[in-house]
Amino acid sequence: MKRFTSLLAATALTAVAATGAWAGEKWDMPMAYSATNFHSATGAEFAKCVTTGTGGDIEIVTHPSGSLFKGADIKRAIQTGQAPIGERLLSGHQNENAVFGFDSIPFLATSFEDSAKLWKAAKPTMEKILDEQNLVLLYAVPWPPQGLYFKKEVNSVADMKGTKFRSYNNATARLAELTGMLPVTIEAAEISQAFATGVAESMISSGATGYDRKVWESLTHFYEVDAWLPRNYVMVNKDVWSGASDANKNVIKGCAELAEYAGNWRSVEYTTFTLNGLRAGGMTVGPAGDGLTGELKTIGETMTMEWLEAAGEEGKAIVDGYKAMQ
Ligand code: PCA
């Protein structure tokens with residue numbers, strides 16, 4: 001019987017090979033950030049790796065810039081099977097569960113090295129929460145350290161008051177409130193226009209995003225605050241994952257590991273490169289002054305307390321686990 005089945009399979013294979021009609025599965029992969037962004041470049045390499053590694057059994061096709069699903073809709077689309085795989089900012093889900101904001105706690109992990117430790121402490125909890133939501137975590141890559149962008153010189157929190165501030169998660173919106181700014185949530189793919197039209201006049205983000213979106217066309221100052229390093233992650237629908245063969249799962253896992261490693265390095269190398277790019281665009285780039293830094297640290301303490309309260313035991317365990325690695 002076994003022989004008969006494999007004979008049949010071989011015949012079928014020969015038939016499709018002869019007609020060239022063999023087609024594997026196509027996995028559309030929505031991504032929120034522009035194609036030129038290093039996360040999107042990493043995702044494109046990952047997609048190629050899977051397509052080649054599975055011999056075309058699974059062809060992943062990336063759709064950057066929120067072109068298939070907008071950033072805020074990507075996770076739901078994958079949970080519900082509208083898309084099999086995709087990438088999103090992890091802390092973007094803070095509004096569903098505060099624990100997702102572990103990587104946006106001000107001044108907790110401010111270097112790549114510490115960000116890696118914090119991820120190590122948080123990863124099992126993230127995998128568990130995502131699993132309960134019908135999602136499998138494949139890899140995660142940090143953004144470079146977050147600093148403040150303005151269209152004027154800023155030396156204190158008082159200087160920020162009344163400024164329209166572009167936020168990308170709960171933590172950034174809360175930072176705006178605590179500094180007397182006016183938060184407005186805008187996806188990175190849309191910020192160039194928001195700054196050009198005055199819908200927003202400032203933000204906290206990486207040099208990478210400012211560079212990628214050419215914000216020097218509207219903004220003048222970048223203060224290297226190194227507040228935190230938020231992560232993007234790639235997730236796959238659990239049913240889709242379960243349907244993949246063991247061999248293909250192994251290829252995907254291998255490609256994901258490679259993508260995480262390469263993405264990390266891209267992020268590290270992109271930090272200085274993009275800050276220089278902002279300078280070349282005419283912006284003033286440098287560390288925040290002592291006065292401003294001190295005030296931000298105090299606000300950071302308030303935000304840390306608020307987060308610990310909202311994230312409960314699970315959140316506390318992540319922070320404790322991270323501190324134990326120091
Ligand atoms: N860029 C993303 C998130 C963090 C970052 O550096 C953004 O601004 O949306």
Side-chain angles (χ1 to χ4, degrees), residues 30-43 64-67 69-75 86-95 100-112 115 118-119 140-150 164-176 181 183-196 199-216 218-219 222-234 263-264 266-275 277-278 283 285 303:
M31 308 182 86
Y33 298 91
S34 67
T36 53
N37 182 272
F38 75 94
H39 287 289
S40 305
T42 304
S65 285
S67 57
F69 288 96
K70 294 228 169 293
D73 301 327
I74 289 176
K75 175 160 168 275
E87 184 194 57
R88 180 60 181 152
L89 180 76
L90 193 53
S91 59
H93 315 318
Q94 239 179 316
N95 48 355
F100 280 118
F102 76 89
D103 66 14
S104 303
I105 300 172
F107 309 114
L108 178 65
T110 61
S111 65
F112 281 99
S115 154
L118 182 57
W119 176 236
V141 172
W143 288 90
Q146 305 290 288
L148 285 164
Y149 286 88
F150 293 102
K164 285 181 257 173
F165 181 85
R166 175 261 167 169
S167 62
Y168 62 71
N169 64 13
N170 282 17
T172 52
R174 185 67 183 133
L175 177 72
M181 296 193 283
V184 43
T185 304
I186 302 166
E187 285 292 325
E190 278 142 32
I191 57 176
S192 309
Q193 206 187 342
F195 289 133
V199 170
E201 323 167 282
S202 64
M203 68 171 171
I204 187 163
S205 193
S206 55
T209 288
Y211 176 80
D212 186 45
R213 302 285 77 210
K214 299 189 173 60
V215 298
W216 54 83
S218 306
L219 307 179
F222 179 75
Y223 294 99
E224 294 167 68
V225 176
D226 293 351
W228 61 79
L229 288 79
R231 263 164 208 269
N232 275 8
Y233 74 109
V234 170
N264 258 289
R266 279 199 172 104
S267 194
V268 171
E269 278 165 12
Y270 224 44
T271 304
T272 312
F273 173 80
T274 54
L275 292 186
L278 295 179
M283 293 186 74
V285 177
M303 287 175 62

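Ligands are counted one by one from 1 in listed order, and the atoms in each one are counted from 1 as well. Predicted model only: the values in this text are computed from it and were never measured.
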| Do T172 and N169 have a side chain donor and acceptor closer than 3.5 Å? | yes
| query | In terms of side-chain heavy atoms, does S34 have a donor or acceptor partner in T36 at a distance below 3.5 Å? | reply |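 Side-chain D/A pair, S34 to T36: present.
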| query | Is the shortest distance from a Lys or Arg side-chain nitrogen in E187 or R213 to a carboxylate oxygen in the other one below 4.0 Å? | reply |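 Salt bridge between E187 and R213, a charged N being under 4.0 Å from a carboxylate O: no.
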| message | Looking only at the aromatic ring of each residue, does the gap between the centers of W143 and Y168 stay below 6.0 angstrom? | response | no
| Do the non-hydrogen side-chain atoms of S115 and R231 ever get within less than 4.5 Å of each other? | yes
| Full working for salt bridge (charged side-chain N to carboxylate O under 4.0 Å, His left out) between E190 and R166 | CA-CA 11 Å; E190 278 142 32; R166 175 261 167 169; over 6 Å; no
Please give the N or O to N or O pairs under 3.5 Å between ligand 1 and the protein, distances rounded to 0.1 Å.
| from | atom 1 | to | atom 2 | distance (Å) |
| --- | --- | --- | --- | --- |
| ligand 1 | 1 (N) | S205 | OG | 3.2 |
| ligand 1 | 1 (N) | T209 | OG1 | 2.7 |
| ligand 1 | 6 (O) | Q146 | NE2 | 3.0 |
| ligand 1 | 6 (O) | S205 | OG | 3.3 |
| ligand 1 | 6 (O) | S206 | N | 3.0 |
| ligand 1 | 6 (O) | S206 | OG | 2.6 |
| ligand 1 | 8 (O) | R166 | NH1 | 2.7 |
| ligand 1 | 8 (O) | S205 | OG | 2.8 |
| ligand 1 | 9 (O) | Y33 | OH | 3.4 |
| ligand 1 | 9 (O) | R166 | NH2 | 2.8 |

